[in-house]
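Following: one structure in structure tokens, then a few remarks.
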Amino acid sequence: MPNLTPYPQRLSAGFYRREDVVQIAKELLGKVLVTAFDRIQTAGRISEVEAYRAPDDRACHAYGNRRTKRTEVMFQEGGRAYIYLCYGIHHLFNVVTAPEGMAHAVLIRGIEPLEGTDVMYQRRGIKLDTRGSMPAKLTAGPGALAQALGLHTQQTGHSLIHADSEIWIEDRGMVIPENAIAAGPRIGVAYAGECANREWRFWLRDSRFVSRGNSSYDLKS
DNA sequence: CAAACGATCGGCT
DNA sequence: GCCGATCGTTTGC
């Protein structure tokens, strides 16, 4: 059988609306996050993610299924952006998953720059230096990559699926073997008690565009 | 109405 | 490695 799958292929409702957010988080590694605001396209390969899951996850903003104005979008059907302000400064981008009524999300924590890198430098306020390799600080860390892609809290709730969306995720056919994925506890959730021990942070083991050291271990060694 | 608190980053030591 | 910035959201009085 010839492979007739045309790439790139935008991820569809069926991908996002499954109930296993941990599995979806892992599958998002290697996919390509794209923004196209005012016809300026920027894109990067997802290299680090974290899963959050209401109602039982104390680290999740919708813990206990509490609905607030901010978290309401997490309860909507999968395939939307949940973007919130962190520490008064950083705009953190999450992918809403699961069917309507289940508040699950995947925080995107790192991307490897692919397209529009000049714009990324501009948005980040980093001076372009063509000598040497791209600095990890360009798009490693959730606040950094959101800034590089022009993501902002005002886009929270936007669809990642509709044809006219300015934010979407593509499958470009990259296959990530399980042993290329590392796992560890989520960052910055010490307040979450036992839930802080859940190893729901995943990253591409060999990527430089990861927010913390590549310690911890590989999945399925 | 008041106040505490971040799913972080960058600058400085 | 440590520390301060900065402000919307949430909760408590």
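FYI, side chains are in, hydrogens and waters are out, and symmetry mates aren't considered; it's all heavy atoms of this structure. Residue numbers begin at 1 in each chain, while the letters A, B, ... track the order of the sequences. Because the structure is a prediction, the values reported are computed rather than measured.
- Contacts between chain A and DNA chain C, taken as any atom within less than 4.0 angstrom of a protein heavy atom, begin and end at C:dA5 to C:dT11.
- Using a 5.5 Å limit on the distance between ring centres and a 30° limit on the angle between planes, the aromatic ring of A:Y52 counts as stacked on the six-membered base ring of B:dA7.
- For A:E170, the salt bridge (Lys or Arg N to Asp or Glu O under 4.0 Å) partners two or more places apart in sequence, or in a different chain, are A:R172.
- The distance between atom CD of A:E48 and atom C1' of B:dA7, rounded to the nearest whole Å, is 11 Å.
- Scanning for side chain to side chain donor-acceptor pair (under 3.5 Å) contacts around A:H61 gives A:Y82, with sequence neighbours left out.
- Applying the salt bridge (Lys or Arg N to Asp or Glu O under 4.0 Å) rule to pairs touching residues 78-90 of chain A yields A:E77-A:R80, sequence neighbours excluded.
- Put simply, the side chain of A:R205 never gets that close to the backbone of A:A182: no donor and acceptor are under 3.5 Å apart.
- In this structure, CD1 of A:I187 is placed 11 Å from C1' of B:dT8, rounded to the nearest angstrom.
- Spacing between atom CD1 of A:I108 and atom C1' of B:dA7 amounts to 12 Å, rounded to whole angstrom units.
- Between A:A196 and A:A190 the shortest heavy-atom distance is CB-CA, 4.3 Å.
- Residue A:R186 is out of contact with every strand shown, counting any heavy-atom pair closer than 4.0 Å.
- For DNA chain B, the stems formed by at least three consecutive Watson-Crick or G-U pairs, with both atom-pair distances below 3.5 Å, span B:1-6 with C:7-12, B:8-12 with C:1-5.
- Taking each heavy atom of A:I111 and A:F209 in turn, the nearest pair found is O-CB, 3.3 Å.
- Scored by the salt bridge (Lys or Arg N to Asp or Glu O under 4.0 Å) test, A:R45 finds A:E112 as partners (sequence neighbours excluded).
- Counting any heavy atom pair closer than 4.0 Å across all strands shown, A:I89 reaches a base atom.
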Output a table of nitrogen or oxygen pairs between the protein and nucleotides 9-13 of chain B separated by less than 3.5 Å.
from	atom 1	to	atom 2	distance (Å)
B:dC9	OP1	A:G141	O	3.4
B:dC9	OP1	A:P142	N	3.2
B:dC9	OP1	A:G143	N	2.9
B:dC9	OP1	A:A144	N	3.2
B:dC9	O4'	A:H90	NE2	3.1
B:dG10	OP1	A:R124	NH1	2.9
B:dG10	OP1	A:R124	NH2	2.7

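- With sequence neighbours excluded, the residues satisfying side chain to side chain donor-acceptor pair (under 3.5 Å) with A:R18 are A:E27.
- Surrounding CG of A:D56 are more than 12 heavy atoms belonging to other residues, nucleotides or ligands, all under 6.0 Å away.
- A:T68 pairs by the side chain to side chain donor-acceptor pair (under 3.5 Å) definition with A:T71, not counting sequence neighbours.
- Every pair passing salt bridge (Lys or Arg N to Asp or Glu O under 4.0 Å) that includes a residue from residues 84-110 of chain A is listed here, sequence neighbours excluded: A:E48-A:R109, A:E50-A:R109.
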Write out a two-atom table: protein N or O, nucleotide N or O from nucleotides 3-5 of chain B, distance below 3.5 Å.
none

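- B:dA7 atom P lies 7 Å from atom CZ of A:R70, rounded to whole Å.
- With A:R186 contributing its side chain and A:C195 its backbone, the two residues share a donor-acceptor pair below 3.5 Å.
- Across all strands, A:L107 comes closer than 4.0 Å to base atoms (heavy-atom distances).
- Annotation: side chain to side chain donor-acceptor pair (under 3.5 Å) contacts involving residues 146-167 of chain A, sequence neighbours excluded, comprise A:R124-A:Q147.
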